[in-house]
Amino acid sequence: MTQFARPAFLDSGPKRLLIDGKLVDALSGERFQSISASTGEVVAELALAGPEDVDRAVAAARAAFEGPWSRFKPAERQAILIRLAELVDREFDDLALLDTMEMGRPITASRGLRGMIQRSLHHFAGAATMIHGQTLGNSFPVELLSYTLREPVGVVGAIIPWNGPLFSAVWKVGPVLATGCTVVLKPAEDAGLSPLRFGELCLEAGVPPGVVNIVTGKGGTGAALSAHPDVDKIAFTGSCETGQRIIQASAGSVKKVTMELGGKSPNIVFADADIDALIPSAAMGVFNNSGQVCAAGTRLFVERPVYEEVVARVAEFGAALKIGPSLDPATQIGPLVSARQYERVSSYMELGPQEGARLVSGGHRVTGGELDKGHFVAPTVFADVKDEMRIAREEIFGPVASILPFDDFDEVIKRANATRFGLAGGVWTKNIDKAMTAVKRIRAGSVWVNHYFAMDPAVPFGGYKMSGFGREGGFEHIDAYLQTKGVWIRTYS
Ligand code: NAI
Ligand code: MG
């Protein structure tokens, strides 16, 4: 695994917080270790930000918001984003390597995000000069011109998970720079390195001190940020339970909140679908990133006539995926992020058969040689799953597919919607009427037809129901970082 040069970023000693344009230790001096998901080795030591560090990061963000940053022209913010895109591209191999070393996503998959990250930064750059209000007619008895101004919401607290660290950092910081907000970003404890390096690149791109602050730490750091009275908005991606805690904590100062939470997304296969086309897509819709994906299509509903064929072929596809160390370019399935995540996933793999599901493939940890050092799990297929089983209801966040048979259109739509979540869904059919009716009736923020998993910065993504609220992607993403001011001017004619 020596073909990748170790990122120089890792050789400059323990990682520090980024506050007000400077790298600083936590005031307490406390640190924590980042452990490689694949090898179990310590990748780096990171500063553990306490509430007092969150305080000074928020103060820096506030000062920057009210300072020179507020006078940057849209085109100047755009120029910074364009420069940032160039720097991220220059450093991309190292950024991808940091993610892979830390949270374990296979290196080929991490590197495969290059285009998406570039398009995202270009998208935010484009948005910077497109922000606009409206001129509105009014019927007030005297003559008044009314229009709206769009203004940045202020200091943003952004809290991100570990399953796509660089991507998440870009999707949280990009709209901040596009709109003129400032941010305190709290990466996940399992994946703080690429966000920190991205923060340094922001400075290099010309982002003024205090506009982008990064506080690494654990849940307590996020809790301090989400309760902070001087934070105007929280943008969160992560588990539903933590999201609920953040909403409660944010109530004290009535923060604006956007939530991108988990899911248990249905992927529906009708008997007339192109089975050859859907097998890889449906399988990777569950197994990609070892299932650690919020929009994973983990409830695969298959119409009875093709049920056994799809079960067998998804299992076969999963079994043929190459499980290996994260840094091996041939690896398709890497480890789960942590021992804790393995405990969660393995408890569901044990639960499946107890609940009466039929284990078709996988269902076990994969060990031997290098694999002993991480928590590798074989792509797992459970068939004959019933709606009421916990494996069909709860987010597992591992490479575990629950495949459920169905007989009828109305029945499957009803069952697909019988979940507290509503992040995404898939439909496979050659019948356009069936597809379009299903699209309308699935209660989820994204629906793919004859595909699973396309994402683009120009297209909104987010949750219905308990999968959250607010959208990332599309102009709604930018909107979520803006306030609207109604302006009235008395005129005389
Ligand atoms: P988590 O939701 O607890 O962590 C996400 C982020 O929230 C991290 O930065 C964490 O430090 C922070 N955080 C934790 N407690 C907090 C609090 N009280 N206040 C503010 N911030 C807090 O997710 P975790 O524990 O890493 O994973 C547990 C499960 O959550 C997974 O098994 C999976 O089911 C789900 N999950 C879903 C994700 C998604 O993208 N929808 C991403 C990560 C996890
Ligand atoms: Mg780790």
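Below, all heavy atoms of this structure are taken into account, side chains as well, without hydrogens, waters or symmetry copies. Worth saying up front: this structure is predicted, and the values here are computed from it rather than measured. Order of listing sets the numbers, starting from 1, for every ligand and every atom in it.
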(request) Not counting sequence neighbours, which residues clear side-chain hydrogen bond (donor to acceptor under 3.5 Å, both in side chains) with Thr100? List them please. (result) Ser110
(message) My understanding is that only residues two or more places apart in sequence, or in another chain, count here; which of them pass salt bridge (charged side-chain N to carboxylate O under 4.0 Å, His left out) with Arg471?
(response) none
(request) Please say whether more than 12 non-hydrogen atoms of neighbouring residues, nucleotides or ligands are located less than 6.0 Å from CZ in Arg443. (result) no
(request) Determine which pairs satisfy side-chain hydrogen bond (donor to acceptor under 3.5 Å, both in side chains) with at least one residue from residues 173-187, sequence neighbours left out, and list them in order. (result) none
(message) Hydrogens and angles aside, do Lys255 and Ser253 bring a side-chain donor and acceptor to less than 3.5 Å of each other?
(response) yes
(request) Take Phe167 and Trp171 through the ring pair (Phe, Tyr, Trp, His ring centres under 6.0 Å) test and state the conclusion after the steps. (result) CA-CA 6 Å; Phe167 175 79; Trp171 274 39; 4.8 Å; yes
Please tabulate, one line per pair, the protein N or O atoms found under 3.5 Å from any N or O atom of ligand 1, giving the distance to one decimal.
residue  : atom   : partner : partner atom : Å
ligand 1 : 2 (O)  : Ser239  : N            : 2.8
ligand 1 : 2 (O)  : Ser239  : OG           : 2.7
ligand 1 : 2 (O)  : Thr242  : OG1          : 3.4
ligand 1 : 3 (O)  : Thr242  : OG1          : 2.8
ligand 1 : 9 (O)  : Ile160  : O            : 2.8
ligand 1 : 9 (O)  : Lys186  : NZ           : 3.1
ligand 1 : 11 (O) : Lys186  : NZ           : 2.7
ligand 1 : 11 (O) : Glu189  : OE1          : 2.7
ligand 1 : 19 (N) : Ala223  : N            : 3.4
ligand 1 : 25 (O) : Arg340  : NH2          : 2.4
ligand 1 : 26 (O) : Trp162  : NE1          : 2.6
ligand 1 : 26 (O) : Arg340  : NH2          : 3.3
ligand 1 : 32 (O) : Gln341  : OE1          : 3.1
ligand 1 : 32 (O) : Gln341  : NE2          : 2.9
ligand 1 : 32 (O) : Arg344  : NE           : 2.9
ligand 1 : 32 (O) : Arg344  : NH2          : 3.4
ligand 1 : 34 (O) : Glu395  : OE1          : 3.0
ligand 1 : 41 (N) : Gly238  : O            : 3.4
ligand 1 : 41 (N) : Leu261  : O            : 3.3

